[in-house]
Each structure stands twice: as structure tokens, then as C-alpha cells.
Amino acid sequence: MSSATWRNFFTYNKYAQITARAVRQSLKETERVAAEKRGVTALRYQKWENGVGGTQVYLNPDADKGLGKPAV
Amino acid sequence: MFARSSLGRIASQRPTLGAAPQNARNMATLREIELRLKSVRNIEKITKSMKMIASTKLAKAQRAMQAGKEYGSANSEIFQHTPPETPSKRKLFVVVSSDKGLCGGIHSSVSKATRRALAESDQADPASPVMVIGDKSKGQLSRVLGQNMAMSFNQIGRDIPTFADAAGVADLIVKSGVEYDSVTIVYNKFVSAISYEAATVEVTTEKLLKESPGFRAYEMEDDFAKDLAEFSLANAIYAALVEAHACEQSARRNAMDNASNNAKDMIGALTLQYNRGRQAAITNELVDIITGASAL
């Protein structure tokens, strides 16, 4: 489909992650649990200006309330 | 003041200040040694358990690394066949490390490699933007290359890195608005279970990809080069993340192994010292009692 307009809104990586999430959610229960583990990310990032870091922002704000910190 | 003979008797003790009687001084030093022994024993237990944990994590991390390397090698095949005509002028450095410490020289190895790459002015512009994954290298590099830092990421590497992590990082890099011609990923390459070394991987951007003759030989729609550049960046970051994770677990295991061995040596030396001190105290008491008895 050469008239895809998703490129105006997000990058290819985001597009791939969305489709992957759809596939994972459509699996049967046991496979879905195993696949969900592969899609977990708790990424945080911060922008830097002139040697000073900005505020840290979660990429997926609802997913950050997970387990506490493991020992190491 | 210290008497020469007492110094000879208690040669192994640390001299303490003050005019406490001999036995009291022995007891104080003995208590110190006892406390040190207890704390070193606790440390040895902790480092031994950390070594066990790191060993089990290493096995899993190595399996993930073998799988992840396939992504990386498939990725680099594209760039082998499409070398850019003009060398890239503005490089973006992505430094891969992690948030946790106690893993030997992992973070400083990557930070040093980045600083070296930026110092060679023929290889890279000293004002090249730098993005760091992992708090430890972020701390090291922000002191030296603070002006070059564009973005930093953390919360990666607690468990095996997923492709979702790598895709998120690549997404943020592309959307950040930083200008670059190519991306250089600096990470730790897994040489063996006991050694690693810093290495780099280059990823070209859409612009340079489109201009290269290997790419131009094919007829395709406009957007594909952009998609390919973004996806191959995520691929390369994923391969670097899993390999760096495996290196970190192996380095942590080695560091904790060395720490346990050192702790064991210290326990041996301190136990000897403690026993000598204990026996010296007993001998002094005996001498006092005997001289006291012979004076009667």
C-alpha cells in the first residue's frame, strides 16, 4: 500500500512495536505470557542541554510500576 | 609510652595511643581484630553469593547474546554492500553500558574508548553528539564530555535487554532532532568468559544509504531507505545491548570471584593475627601471675 500515512506520525520502529504488540496480544494464553516477556521495556530517558540533564521521562508511563529493584 | 620489650612481644599489633595498661591494650586491639574478622566474613559471604548469581545470569545472557549476534551480523551485511561514497562527517556516538556497578572495568572501558575516539580529530569532530545508555557511563562521561551529551537512557540491563528496549532507544534517537551522518555504537565485545574489549559498530543513515552506489542499483520507493535506516539502527543497538549485557555479567562474576578470594586471604591473615594476640595476652597474664606469686 503506497498510500500508507503512518509515516507522518511515527517511525518504522514504533510501527513495528505496535504490530508486534498486536500479534502478542492475539496469541493463546501460555504463548502470550511467554511473548509478553519479550516486549517488556522500562526505558527512561533524559535530554541534555549544555552539560546539564533534563528531567527523566518514562517511555511507557503505565508500565513503570513493576517489580522493585532486584539485588544485582 | 611504648616499652621496647612490649613492642617485641606484640609485634603484630597496631600501636595505639594513650597510656592504657598492657592487658587493656591487648584486649582493645583483640576486639578490633575480632570486629574486622566478623565484617570481612560477612563481605566474603555477600561476594560469594553475588558471584553465584552472576554465574547463573551469565549462562542465560550468553545464550541471548548468541541469538542477538545474528541480528547484528545480518545488519552489518547491508552496510558492507552499501559503503558510502563520501565518509560521514558528523558522527553520533551511542555508548552502551548499564546502571549497576560492582562489575570491574566495564563502564570505564567504554567511556575511555569514547573519549579516545573523540580525541582523534581526524576520526571524529570533537563536538560530536554523544548519547549514553546506562547511568554509570553517564556519570563518567558527563564530567568530561558534558557539552557533547545529547540524551541519556537508563533502566536497561536489569534483565536481558529486549528488542523493545533497542527499538525505543532507536526511536528516540531518530526523533531527537540531533543531526548526524552516521551512528557509531561503542560497546563491550565478548571475547571470552574472562575477557572483553571495547569495540565500535557503524550504522549509516538514510541519506548516506540512498547515495551509495550499491543502493542506487535497485529501483524502489522513497520511504524504504528511511525505514531500513531506522530498523537497522534498532538492530545494531539490540546486538550491542545483549553483548554488553553478557560482558557485564561475566565481569561481575570475575570481580566477585576476586573479591571472595581476597576476602578469604584477609580472613586467614586476620585469624592468625587474632590468635597470636590472644596467645600473647594469655602469656602476659601468666607472667604477671607467676611473678606476683614468686614475690610472695
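Within every chain, numbering begins at 1; the chains are lettered A, B, ... in the order of the sequence lines, protein sequences first and strands thereafter.
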Atom group of Ala150(B) that falls short of 4.5 Å from chain A, counting heavy atoms: backbone
Tell me, please, which residues at least two apart from Glu202(B) pass side chain to side chain contact (heavy atoms under 4.5 Å, CB included). Lys91(B), Ser182(B), Thr184(B)
State which residues pass salt bridge (Lys or Arg N to Asp or Glu O under 4.0 Å) with Asp135(B); sequence neighbours excluded, sorted by chain then number. Lys138(B)
For chain A, find which of Met131(B), Lys226(B), Met151(B) contributes the most heavy-atom pairs closer than 4.5 angstrom. Met151(B)
Only one of Gln46(A), Arg44(A), Gln56(A), Lys47(A) passes side chain to side chain donor-acceptor pair (under 3.5 Å) with Ser152(B); say which it is. Gln46(A)
Shorter than 4.5 Å, heavy atoms on both sides: which option in Ala164(B), Gly146(B), Gly168(B) has the most such pairs with chain A? Ala164(B)
Select, from Leu228(B), Asp171(B), Leu233(B), Ile156(B), the one with the greatest count of heavy-atom pairs under 4.5 Å involving chain A. Asp171(B)
With under 30° as parallel and over 60° as perpendicular, where do the rings of Phe231(B) and Tyr12(A) fit, or are they tilted in between? perpendicular
Between Asn188(B) and Ser109(B), do the side chains contain a donor N or O and an acceptor N or O under 3.5 Å apart? yes
Pick from Ile160(B), Asn154(B), Asp165(B), Thr162(B): which one has the most heavy-atom pairs with chain A under 4.5 Å? Asn154(B)
Taking the basic N atoms (NZ, or NE/NH1/NH2) and the acidic carboxylate oxygens, is any pair closer than 4.0 Å for Asp159(B) and Lys37(A)? no
Qualifying residues under side chain to side chain contact (heavy atoms under 4.5 Å, CB included), relative to Ile43(B), sequence neighbours excluded: Thr47(B)
Heavy atoms under 4.5 Å from chain A: which residues of residues 234-247 of chain B carry them? Ala234(B)
Pairing of Asp257(B) and Lys51(B) as salt bridge, 4.0 angstrom limit: yes
